[in-house]
> 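Shown below is the structure under consideration.
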Amino acid sequence: MKETLLKYLESNFPNLTSELYVRFDLGSPHENGTEARIDQVTTRVTSLFEEVFKPDEFIYLYIKDYGGTEDSMFGNNTPTYLTDLLSNQRIEEDILYDIDEDVDELTGNTIELKNEFNVKIVYAKLASIHYREILKGIGNYEQGRDPSIGESVYFMNTEKDLVFHMYDDRGCDVFGLNKDTLAPLYHKFRKWILDYNRIEIDYAFEEGLYTYVETTDEKEKRIKADQLQVKKTNIDLFQDNTCHITHTLVIPNDKTDECINELSETGFTLFVDTKNCACSHLKVTKTDALAVIDYQTELMSLYSKKYEGAYLGWSVRKAF
C-alpha cells in the first residue's frame, strides 16, 4: 500500500500538488473564533468533499506529522484525535523529508535543509472513514476549538487522479491531472473560489477572465490608487481589517446583463446603481480583508475591460 502510493505521488503529484487545481475560500468573511465562521467552514468543506468523493470509493489518506504532542502557538489539547478517528483502519508509516533551500549568510551559497516528518497512510472505503470529523477537526485547529487536528491530511483517489487538501479554516485545494474531472467542481462552486487565485484558475480552465490582462502601466496606476485610498481610510492592515468593500463599474447597457451574470457567480453581490441611455453604473460588494484590496481591484479592472466599460474605484466600511 505505502510503496504503491508513494510511487504514484512521485509520478503524478510531486510535492503533493499539481499545476491544475481549484482553491476555495472557506471561512471569509466571518470573524475568527465565531460560530458563524466554524459553521460556514464545516458546511463548505463538507459540500466540496462530498462532491469530489463518494461513499463507495476507495481512497487514500496521506498524513504528514512533524511530531510533538503539543502546539505552542495554537495549544492543541487533542493531539491523538486523528489517530483515534482512524483506530479501526490499517495504517502504514514511514519517515520522509521535505527539502527546503536557504542561503548561508557566511558564504552566500545555497544550502538544502531537510525537514523530517512522519507519514501515515491509510487505504479504505470512504464510508468507513470519519471524514466529516476529520474535516471539522482541521477547521477547529487554528480557531482554538476542540477537538482539533494539527497534522496535514491529504485525501486521494488514484483512479480519478484527485487530491483534496484542507489546509485550515481558511481554505482547501483540489488538485487534479485532468481538466474535465475538475471542471464540474470549478463550475458548481465558482462563488467560493479564492479571489487571490481566481484569475490563474480561470486561465487553467480557459474561461472567465482567461485572455484578459492588465498592461504594466494599468497595473502600476491601479496599485498606486489603492495605496492612496487605503491611506485615506486610516485602517490598520496589521490588525483585523475586515471591511465591506464596494466597487463602482460603468458598463455599456448592451453588456450589462452579461456582466452581472458573470459577477454574480464570483461571490460578489451587486446591483445597478444608476442607468442612462448608454451605460449602467454597477455597485459590486464583497466583505473581506482590506489587505487584499489589490486582488479585488485587479478583478474589477479586468471585468470592466472584458465588458468594454470602465472601473471607477472603490469605497470601504469596517465590518467589525
Side-chain angles (χ1 to χ4, degrees), residues 22-31 34 36-37 39-40 43-44 47 171 186-199 201-202 205 207-214 218-219 221-223 225-230 232-235 240-320:
V22 190
R23 173 167 289 176
F24 296 99
D25 181 5
L26 298 178
S28 295
H30 298 292
E31 191 173 7
T34 61
R37 184 178 180 91
D39 289 346
Q40 178 176 289
T43 298
R44 285 192 178 187
S47 299
Y186 165 76
H187 290 126
K188 185 172 182 178
F189 298 99
R190 287 186 69 176
K191 287 186 177 181
W192 298 350
I193 292 175
L194 193 66
D195 287 335
Y196 177 81
N197 301 97
R198 187 177 294 277
I199 295 171
I201 293 168
D202 278 357
F205 288 92
E207 296 186 32
L209 291 173
Y210 174 63
T211 74
Y212 293 91
V213 296
E214 290 180 306
E218 287 171 340
K219 182 176 181 179
K221 182 178 179 181
R222 175 180 55 79
I223 292 177
D226 287 345
Q227 292 171 343
L228 291 172
Q229 184 76 345
V230 168
K232 290 179 182 178
T233 68
N234 291 318
I235 295 173
D240 191 326
N241 57 93
T242 304
C243 296
H244 304 298
I245 306 170
T246 300
H247 306 269
T248 302
L249 285 63
V250 180
I251 304 296
N253 286 334
D254 62 341
K255 301 284 185 180
T256 297
D257 287 346
E258 191 178 357
C259 180
I260 289 174
N261 288 339
E262 179 163 357
L263 280 168
S264 66
E265 295 180 350
T266 63
F268 288 85
T269 59
L270 66 158
F271 66 92
V272 177
D273 186 33
T274 60
K275 184 175 183 179
N276 58 38
C277 61
C279 60
S280 299
H281 284 65
L282 305 183
K283 294 294 186 181
V284 185
T285 302
K286 180 175 275 191
T287 303
D288 209 336
L290 184 59
V292 303
I293 187 62
D294 288 346
Y295 312 141
Q296 285 198 17
T297 59
E298 182 180 12
L299 288 170
M300 295 302 109
S301 174
L302 292 178
Y303 284 125
S304 298
K305 179 178 287 191
K306 179 175 181 178
Y307 293 104
E308 301 175 14
Y311 176 45
L312 300 187
W314 54 272
S315 60
V316 66
R317 178 168 56 88
K318 282 278 286 184
F320 310 128

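Since the structure is predicted, the reported quantities are computational estimates derived from the model, not experimental observations.
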> Working to the nearest 0.5 Å, report the span between CH2 of Trp314 and OG1 of Thr246.
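Here the rounded value is 10.5 Å.
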> Do other residues, nucleotides or ligands put more than 12 heavy atoms under 6.0 Å from Lys191 NZ?
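Atom NZ in Lys191 is not packed in, count stays at 12 or less.
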> Whether Lys219 and Glu214 form a salt bridge (side-chain N of Lys/Arg under 4.0 Å from carboxylate O of Asp/Glu) is what I want to check.
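Here Glu214 does not pair with Lys219 in a salt bridge, since their nearest N and O are not under 4.0 Å apart.
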> Distance check, rounded to the nearest 0.5 Å: Ile293 atom CD1 versus Asp195 atom CG?
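If we round to the nearest 0.5 Å, Ile293:CD1 and Asp195:CG are 10.5 Å apart.
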> Determine yes or no for a side-chain-to-main-chain donor-acceptor pair under 3.5 angstrom, with Asp273 supplying the side chain and His281 the backbone.
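No, the answer is negative, given that no donor and acceptor are paired below the 3.5 Å cut-off.
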> About how many Å separate CD of Gln296 and OG1 of Thr285, when rounded to the nearest 0.5 Å?
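One gets 9.0 Å once the value is rounded to the nearest 0.5 Å.
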> Using modelled atom types and a 3.5 Å cut-off, is there a donor and acceptor pairing between side-chain atoms of Lys275 and backbone atoms of Asn253?
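Pair absent, no side-chain N/O of Lys275 close to backbone of Asn253.
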> To the closest 0.5 Å, what do you measure between CD (Glu262) and CD1 (Ile260)?
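Glu262 CD to Ile260 CD1: 12.0 Å, rounded to 0.5 Å.
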> From Asp25 CG over to Arg44 CZ, what is the distance, rounded to the nearest 0.5 angstrom?
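So the gap between those two atoms works out to 6.0 Å.
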> Do side-chain atoms of Arg198 reach the backbone of Gly208 as a donor and acceptor pair under 3.5 angstrom?
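No, Arg198 side chain to Gly208 backbone: no donor-acceptor pair under 3.5 Å.
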> Quick one: is the NZ or CZ of Lys283 closer than 6.0 Å to the six-membered ring centre of Phe271, and within 45° of its axis?
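Not flagged: Lys283 not positioned over aromatic ring of Phe271.
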> Looking at OG of Ser301 and CG of Asp294, how far apart are the two atoms once the value is rounded to the nearest 0.5 Å?
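The OG atom of Ser301 sits 11.5 Å away from the CG atom of Asp294.
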> Is it the case that the side chain of Arg37 and the backbone of Gly27 share a donor-acceptor pair, with hydrogens and angles ignored and the cut-off at 3.5 Å?
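Side chain of Arg37 to backbone of Gly27: a pair is present.
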> Is there a donor-acceptor pair closer than 3.5 Å between any side-chain N or O of Thr266 and the backbone N or O of Leu263?
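At least one qualifying donor-acceptor pair exists.
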> Grab the two heavy atoms, one from Tyr311 and one from Thr248, that are nearest each other, plus how far apart they are.
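Reported closest heavy-atom pair: CD1-O, 3.4 Å.
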> Looking only at heavy atoms, which two atoms of Leu26 and Gln40 are closest? And how far apart?
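What the structure gives for the nearest pair is O-NE2, 2.9 Å.
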> Compare every heavy atom of Thr242 with every heavy atom of Pro29, then report the nearest pair and how far apart it is.
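So the two residues come closest at O-CG2, 3.8 Å.
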> Going by the angle between their ring planes, with limits at 30° and 60°, are Tyr186 and Phe205 parallel, tilted or perpendicular?
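Taking Phe205 first and then Tyr186, their aromatic rings lie parallel (interplane angle under 30°).
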> Please lay out, stage by stage, how Thr297 and Arg222 fare under the test side-chain hydrogen bond (donor to acceptor under 3.5 Å, both in side chains).
CA-CA 8 Å; Thr297 59; Arg222 175 180 55 79; 2.9 Å; yes
> Are the side chains of Arg190 and Asp202 in touch, meaning some heavy atoms are under 4.5 Å apart?
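A side-chain contact exists here, since the closest heavy-atom pair is under 4.5 Å.
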> Closest approach of Val22 and Phe24, non-hydrogen atoms and distance?
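Where Val22 meets Phe24 most closely, the heavy atoms are CG1-CZ, 3.3 Å.
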> Looking only at heavy atoms, which two atoms of Asp288 and Ile245 are closest? And how far apart?
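Where Asp288 meets Ile245 most closely, the heavy atoms are O-CD1, 4.1 Å.
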> Of all heavy-atom pairs between Val250 and Cys279, which one has the smallest distance, and what is that distance?
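Here Val250 and Cys279 meet closest at CG1-SG, 3.6 Å.
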